[in-house]
Visitor: 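Dropping a structure here in C-alpha cells format, bear with me for questions.
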Amino acid sequence: MAAVVRNGHVCFAIFGKFRGFSQRFGAAACSRQCHSVTETTEEELWRQYHETKQLTQQQKPLCKINPTSVFANNELCMGDVEVYGFDYDYTLAHYTDELYPLIYNLAKERLLMRNKYPDSIMALEYIPGFAVRGLHYDIEKALLMKIDAFHHIQLGTVYRGHQQVSDEEVFSLYDGTHVPVDYMSSFHGRGKQMVQLMDMFSLSEMALLCDITEFFLKNGIEYDPEYLFYDVKNAVISVHLSGDMHKAVAEDMDRYLERGEEVSQVLRRLAGAGKKLFLITNSPYWFVQRGMEYIAGPNWMEMFDVVIAESRKPKFFTDQKRPFREVSKTMGTCKFERVTSLRKGQVYIQGNLQDFRHMTGWYGARVLYFGDHVYSDLADPFLRHGWRTGAIIPELEDEIKISNSSSYKDTISWLLALQGLIESQQKYRHDPAVKTVLPEWMEEMKELRHYTKDIFNPQFGSLFRTHHNPTYFSRRLMRFADIYTSSVANLLHFPIDYTFYPRRSALPHEINYDS
C-alpha cells in the first residue's frame, strides 16, 4: 500500500486505500453470499449496495497529494549525485499556452505555401485542450488514440479528426483492442504504423493533424492519411529548424516564456554546494542564451560547467562519431579547431556522449539528468549509460489538483467499492436476482469510469491512466525516470542530500481477495 509523508503524518495513497476498501466490502458481501443457505433476493442485493455506498460516504477524506512534490519510481539519494544535467525546453524553460497556437499557425502557413493545401485551412484555429501528450497516432488510418500499459486501446479515446470512432469500428480495424508491440512502438516511440507523440510541442502537431483531417472529411476531399501525416510532421519540424518559432519567442519573451526565479534558485543552490552542472539541448545557442538571461539573469553561464546546444538528441546518446564544435559567443559561428576538452564558459554544439564522458570524467550514477521527453532525454542515458534520470512533467500539477478534488475522490471511492460488490456476485451471476441487479451495477460502473476520464480531458482523459490501468506513457515514464515532478523548481522543497524513496505498493498476489 503506497504512502506519503505530509507534516509528519502518513497518508495512504489513493489507490492503495481504495483497493483495500473495495476488497473489504466486496469480501464481506461475498462472505454473506457464500454462507447463505437461501437464494439471495433483489432486496438483499440492493440493501448491500446502499450499505456499502453509505459506508463509502462515511470514510474520512483521503489526504491530498502535494502537486509540487517530487515522486520516486526508484530510490535516489541526492547526496550521491555529484553532477546535474538539464535539458532546456520545458525543463529549465517553461512556456505559456500561447506557444501552441504559434507553432500551429506557423505550420499551417507552411502547408499552404509549400504543400499547396487549400487557402481555407487558414481559417482553422488551434483548439486548446483537445489532446493530451503521450497519445498514439496511426499513420495509415489517420486515428489518434490512447493506449494503456498492456498495449490495449482505451475505447472511447479513438478519434478521426474531431469524430470519436465507435467501439465496433475499433474492433473491426484492430481485431479487438490489442495493438502488437512492433506495430505501435520501437525504442524511441515509433513503430511500423504508429508514432507516439511524447513532447509538449507535439500538442500543436496533434491538433493540426486532427483539424486538417476534419477539414478534409467535411469538405469531401479525398486524401492519403500517410501523406497528411508527413506533410504536417515536416511542417512542424520546419517551424523549429527554420528558427521561425525561436525568433517569435525571442521577440516577445513576456508572452511566450514564464519567469523562472525558482529555477534560477535551484541552479544557484546546486552550484553553491559544489555540484557540477551541464546543459544539453537541441535548441540553438542564441535562443538558449536569450531564454536563460530571461530566466536566470545575464550571468547564467557562470553556474554551468558545460553548455552544449544543437545536440541532436537522442542521437547525441547513441552516435559515437559526431565531434563537438566550439561556438564563438560573440560571432555565433563555429570555430575550426578540434575540440579536445569541454571548458567552463564556452559553448559547444553537436558532439556525442562517448566524447562527453571522456572529456569530463562524469560517469554513471553520479550523474542526474533532467528532461521532459521520456525517450529523447531519458531512455538512453538511463538504460545504456547508467545515469540517474528525472522527468519534468508540466501537466502533473493540474492532474493532481483534479485528483485532489472532492468530486473525483468521492467518485473513485464509490467506483471501487461498487467494483468490489460486482466482483463478489460474479460466482452467482446465474441466480435470478443477481442476473437482474448485476447489469444495473455494471452500467453504473461504466458511467463512473466515463466521469473519471472526462474530468481530466473529455476526449482522452488523464495523461497517466486509462480507466484502471496506467497509460503507455506512464509505463515508459516509470521505466526510464528515477524521479518525476512538474518543475525543476520543486527541488527547493527538499534538502540537497535528500533521499527519495519509492512507495511499496502491494502486488496483486500480495492481496487477499477472499474473505
Side-chain angles (χ1 to χ4, degrees), residues 1-21 61-86 91 149 262 265-266 269-270 273-275 363-372 374 377-379 381-383 385-397 399-401 403-404 409 412 462-465 469-471 473-511:
M1 186 177 292
V4 291
V5 178
R6 294 288 182 271
N7 300 321
H9 300 285
V10 176
C11 305
F12 291 98
I14 189 167
F15 289 100
K17 186 167 183 179
F18 286 149
R19 170 172 274 181
F21 181 80
L62 294 166
C63 296
K64 291 187 175 182
I65 306 299
N66 180 2
T68 61
S69 190
V70 176
F71 304 92
N73 296 319
N74 192 20
E75 185 173 324
L76 175 61
C77 177
M78 302 289 275
D80 294 337
V81 176
E82 300 173 9
V83 184
Y84 285 78
F86 301 92
T91 300
E262 291 183 328
Q265 291 176 37
V266 170
R269 185 171 77 155
L270 293 173
K275 306 295 184 180
Y363 290 88
R366 295 184 302 146
V367 181
L368 171 59
Y369 184 69
F370 287 93
D372 71 292
V374 175
D377 291 326
L378 307 182
F382 180 85
L383 292 178
H385 306 291
W387 285 7
R388 310 309 299 270
T389 52
I392 303 302
I393 313 295
E395 307 97 324
L396 189 60
E397 284 193 38
E399 291 241 355
I400 291 176
K401 288 175 183 176
S403 65
N404 279 339
K409 287 176 179 287
I412 287 289
S462 167
L463 172 64
F464 301 97
R465 281 192 173 274
N469 290 330
T471 59
F473 176 90
S474 284
R475 177 182 178 179
R476 310 311 272 175
L477 174 66
M478 306 308 166
R479 181 71 179 90
F480 300 140
D482 290 297
I483 58 175
Y484 64 99
T485 187
S486 62
S487 171
V488 168
N490 297 336
L491 294 176
L492 290 173
H493 304 323
F494 302 90
I496 203 165
D497 58 353
Y498 190 85
T499 298
F500 294 100
Y501 293 99
R503 304 311 174 194
R504 182 182 175 91
S505 299
L507 299 172
H509 69 272
E510 296 174 329
I511 299 173

Visitor: Is there a donor-acceptor contact under 3.5 Å from the side chain of Thr389 to the main chain of Phe480?
Guide: yes
Visitor: Is the shortest distance from a Lys or Arg side-chain nitrogen in Arg504 or Glu510 to a carboxylate oxygen in the other one below 4.0 Å?
Guide: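 Here Arg504 pairs with Glu510 in a salt bridge, since their nearest N and O are under 4.0 Å apart.
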Visitor: What closest approach, in Å, do Ala149 and Arg475 show between heavy atoms, and which atom pair accounts for it?
Guide: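 Scanning both residues, the minimum pair turns out to be O-NH1, 2.7 Å.
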Visitor: Quick one: pull up OH in Tyr498 and SG in Cys77 and give me the separation to the nearest 0.5 Å.
Guide: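 Tyr498 atom OH to Cys77 atom SG measures 11.5 Å (nearest 0.5 Å).
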Visitor: Under the rule for side chain to side chain contact (heavy atoms under 4.5 Å, CB included), what residues qualify as partners of Tyr501, not counting sequence neighbours?
Guide: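 For Tyr501, the residues satisfying side chain to side chain contact (heavy atoms under 4.5 Å, CB included) (neighbours in sequence not counted) are Glu75, Thr499, Arg503.
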Visitor: Are the side chains of Ile483 and Asn73 in contact, using a 4.5 Å heavy-atom criterion?
Guide: no
Visitor: Give, for atom OG of Ser403 and atom CD1 of Ile412, the distance between the pair rounded to the nearest 0.5 Å.
Guide: 9.5 Å
Visitor: Could you check whether any side-chain heavy atom of Leu368 comes within less than 4.5 Å of a side-chain heavy atom of Met78, counting everything from C-beta outward?
Guide: yes
Visitor: Are any of the side-chain heavy atoms of Asp377 and Tyr369 separated by less than 4.5 Å?
Guide: yes
Visitor: I need the minimum non-hydrogen distance between Lys401 and Pro67, along with the two atoms involved.
Guide: CG-CG, 4.1 Å
Visitor: Within the structure provided, determine whether Leu491 and Ile496 are in side-chain contact (heavy-atom separation under 4.5 Å).
Guide: no
Visitor: State, yes or no, whether a side-chain contact exists between Phe464 and Phe473 at a heavy-atom distance under 4.5 Å.
Guide: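 Yes, side chains in contact.
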Visitor: Under 3.5 Å, is there a donor-acceptor pair between the side chain of Asn404 and the main chain of Ile65?
Guide: yes
Visitor: So, taking the atom named OG1 in Thr471 and the one named CG in Leu477, what distance separates them when rounded to the nearest 0.5 Å?
Guide: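 Nearest 0.5 Å value for the OG1-CG distance: 8.5 Å.
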Visitor: With sequence neighbours excluded, tell me which residues meet ring pair (Phe, Tyr, Trp, His ring centres under 6.0 Å) with Tyr484.
Guide: Phe71
Visitor: Taking Lys275 for the side chain and Val81 for the main chain, is one N or O donor matched with an acceptor at less than 3.5 Å?
Guide: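 Looks like yes, one N/O pair under 3.5 Å.
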Visitor: Any heavy-atom pair between the side chains of Arg465 and Ser474 that's under 4.5 Å?
Guide: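 Ser474 does not reach Arg465 side chain to side chain.
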Visitor: Name all residues meeting the side-chain hydrogen bond (donor to acceptor under 3.5 Å, both in side chains) criterion together with Asn490; count only those two or more places apart in sequence or in a different chain, and write none if there are none.
Guide: Thr485, Ser486
Visitor: Between Asp80 and Arg366, is there a side-chain heavy-atom distance shorter than 4.5 Å?
Guide: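 No, too far: nothing below the 4.5 Å cut-off.
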Visitor: Would you give the length of the straight line joining atom CD of Glu397 to atom OG of Ser487, rounded to the nearest 0.5 angstrom?
Guide: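 The OG atom of Ser487 is 7.5 Å from CD of Glu397, to the nearest 0.5 Å.
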Visitor: Quick one: list whatever passes ring pair (Phe, Tyr, Trp, His ring centres under 6.0 Å) with Phe86, sequence neighbours left out.
Guide: Phe370
Visitor: Restricting to pairs with a member in residues 479-494, which pass salt bridge (Lys or Arg N to Asp or Glu O under 4.0 Å), not counting sequence neighbours?
Guide: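 Salt bridge (Lys or Arg N to Asp or Glu O under 4.0 Å) check on residues 479-494 returns Arg388-Asp482.
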Visitor: Please list, chain by chain and in numerical order, all residues satisfying ring pair (Phe, Tyr, Trp, His ring centres under 6.0 Å) with Tyr363, sequence neighbours excluded.
Guide: none
Visitor: If every non-hydrogen atom of Leu463 is compared with every non-hydrogen atom of Glu399, which pair is closest and at what distance?
Guide: N-OE2, 2.8 Å
